[in-house]
Amino acid sequence: MCGRTSCHLPRDVLTRACAYQDRHGQPRLPEWRHPDKYCPSYNNSPQSNSPVLLSRLHFEKGADSSERVIAPMRWGLIPSWFKEGDPSKLQFNTSNCRSDTIMEKPSFKVPLGKGRRCVVLADGFYEWQRCQRTSQRQPYFIYFPQIKTEKPGSIGAAHSPEDWEKVWDNWRPLTMAGIFDCWEPPEGGDCLYSYTIITVDSCKCLSDIHHRMPAILDGEEAVSKWLDFGKISTQEALKLIHPTENIIFHPVSHVVNNSRNNTPECLIPVDLLVKKELKASCSSQKMLQWLATKSPKKENPKTSQKAESDVPQWSSQFLQKSPFPTKRGSARLLEQWLKKEEEEEPMAKRPHSQ
């Protein structure tokens, strides 16, 4: 299952991370719909708004189905046929949709048949592992392997918040397959767009944490096929729904258990043996301090976007496999996640939201 995510990237950074090529091979940036509804968060839960990618053709007749837009949508699909005036009165949970029953339940089968496929964007998602012999559950943060890339002419070390942003601006968002629908209130009013995340059996490296995981679309080709409902049929698109091993994870603090906690502490790795933050190397300090300077806040809808030439192009061919074992409770896992550089600096202070 997937019941909690993080998507804390500022709107302009998230836009650049979703750069793509249209049907003609031209580099493009997705446009936003209702950007004022996007609020970055380290701790998204169902019924909150989260950004999703979808084809422009869903909003504009005659548009090229390969062109993309980003739209904040409610997490938890409200079927178009729902007759109550209050979406919260829906009697069943639609935050997730099992891949093996997707064609059996009208709530999901109908919008899927209409081509209402989307890609849910996140830094990663949280999952809880039930500890043996106790009733406690240990949260983990799960995400794509990341590669630190530096732009030509950039400095090798970060000495200011501006430099940290340059170094850590290349976070690759997790792209999860979803279905959305459009519900119109019976008594009139604005349409409500909402989505569900498709889930599959967990991959081998996650099976010890939980038996289900989101259907992750790994790479530009998979994302393109899932979104392009005008060219790719439902039957063909469903072939993309399967587990992936191309993920890594680390344990995090129980502070994430409360969805009202929305701070960088939700993402910071913890040592399961001593229950404290890990000693941070030079590179990890940059990430933690960058998180501290990027506390969630509403973006200015008028914020200008960077030139398309500055846009990183994401592709699975640039990704590395997880560099460390993924067994639960492993101190070695965390030590390798925070790679020690030749010269370590003192422990980074715990970041606080502003």
Side-chain angles (χ1 to χ4, degrees), residues 2-11 13-14 38-46 48-51 75 121-131 136-146 148 158 161 164-165 167-169 171-174 209-210 247-299 324 326 328-331 333-340 344-354:
C2 177
R4 206 75 66 79
T5 65
S6 169
C7 191
H8 81 278
L9 297 178
R11 194 177 67 246
V13 176
L14 184 61
Y38 172 56
C39 185
S41 174
Y42 296 99
N43 201 350
N44 287 323
S45 59
S48 63
N49 280 346
S50 298
W75 185 3
L121 301 172
D123 314 321
F125 70 98
Y126 300 97
E127 194 54 82
W128 282 258
Q129 178 190 53
R130 189 173 297 280
C131 302
Q136 294 184 341
R137 297 194 303 164
Q138 172 60 48
Y140 286 82
F141 184 59
I142 305 163
Y143 50 100
F144 270 141
Q146 302 294 318
K148 172 184 169 183
W164 294 326
E165 182 175 357
V167 172
W168 294 104
D169 200 18
W171 184 273
R172 184 188 185 216
L174 197 66
I209 296 178
H210 199 277
I247 53 173
I248 56 177
F249 57 87
H250 62 253
V252 293
S253 166
H254 286 86
V255 70
V256 75
N257 292 359
N258 189 332
S259 61
R260 291 190 295 271
N261 293 332
N262 182 19
T263 69
E265 188 178 358
C266 294
L267 302 181
I268 296 175
V270 297
D271 189 327
L272 296 182
L273 299 180
V274 296
K275 296 295 184 181
K276 67 179 182 180
E277 290 180 20
L278 292 175
K279 183 176 182 180
S281 64
C282 295
S283 61
S284 63
Q285 284 181 14
K286 297 167 189 173
M287 181 177 182
L288 300 186
Q289 294 183 61
W290 180 80
L291 286 172
T293 63
K294 292 293 182 181
S295 296
K297 60 182 179 179
K298 287 200 172 183
E299 296 289 318
F324 51 77
T326 52
R328 68 176 184 266
S330 171
L333 178 156
L334 299 177
E335 292 172 355
Q336 294 184 5
W337 185 85
L338 294 173
K339 285 186 177 180
K340 292 184 178 180
E344 291 187 344
E345 298 177 0
M347 181 183 296
K349 292 182 179 180
R350 181 187 296 263
H352 296 277
S353 60
Q354 298 175 349

Over all atoms of both residues, closest heavy-atom pair of [X] and [Y]:
| X | Y | answer |
| --- | --- | --- |
| G3 | P46 | O-CD, 3.3 Å |
| N257 | P139 | OD1-CG, 4.0 Å |
| N261 | V255 | ND2-O, 2.7 Å |
| S253 | V270 | N-CG1, 3.7 Å |
| F125 | C2 | CB-SG, 3.8 Å |
| G124 | L174 | CA-CD2, 4.0 Å |

- Look at the aromatic rings of H8 and Y42 and report parallel, tilted or perpendicular, splitting at 30° and 60°. parallel
- Give the C-alpha distance, both sets of side-chain angles, the deciding distance and a yes or no for side chain to side chain contact (heavy atoms under 4.5 Å, CB included) between I268 and F141. CA-CA 9 Å; I268 296 175; F141 184 59; over 6 Å; no
- Task: Could you pull out all residues at least two apart from S50 that satisfy side chain to side chain contact (heavy atoms under 4.5 Å, CB included)?
- Result: N44, S48, Y195
- Task: Go through the structure and list residues passing side chain to side chain contact (heavy atoms under 4.5 Å, CB included) with R137, not counting sequence neighbours.
- Result: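 R137: side chain to side chain contact (heavy atoms under 4.5 Å, CB included) contacts with W128, R130.
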- Task: Let me see the working for I248 and F144 under side chain to side chain contact (heavy atoms under 4.5 Å, CB included), right down to the final yes or no.
- Result: CA-CA 6 Å; I248 56 177; F144 270 141; over 6 Å; no
- Run the numbers on C39 and N49 for side chain to side chain contact (heavy atoms under 4.5 Å, CB included), then give the verdict. CA-CA 8 Å; C39 185; N49 280 346; over 6 Å; no
- Query: With a 4.5 Å heavy-atom cut-off, do P51 and C7 have their side chains touching?
  - Reply: yes
- Query: Side-chain contact, heavy-atom cut-off 4.5 Å: Q146 with R172?
  - Reply: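 Yes, at least one pair of side-chain atoms sits under 4.5 Å.
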- Message: Donor-acceptor check, side chain of N43 to backbone of N262, threshold 3.5 angstrom: yes or no?
- Response: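 Looks like no, no N/O pair under 3.5 Å.
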- Check for a donor-acceptor pair, side chain of Q138 on one end and backbone N or O of V252 on the other, with a separation under 3.5 Å. yes
- Message: Both conditions, 6.0 Å and 45 degrees, for the charged tip of R4 above the ring of Y126: are they met here?
- Response: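 No, R4 and Y126 do not form such a contact.
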- Task: Please test H250 against Y143 for ring-ring contact (aromatic ring centres under 6.0 Å, His included), starting from the C-alpha separation and ending with a verdict.
- Result: CA-CA 9 Å; H250 62 253; Y143 50 100; 5.5 Å; yes
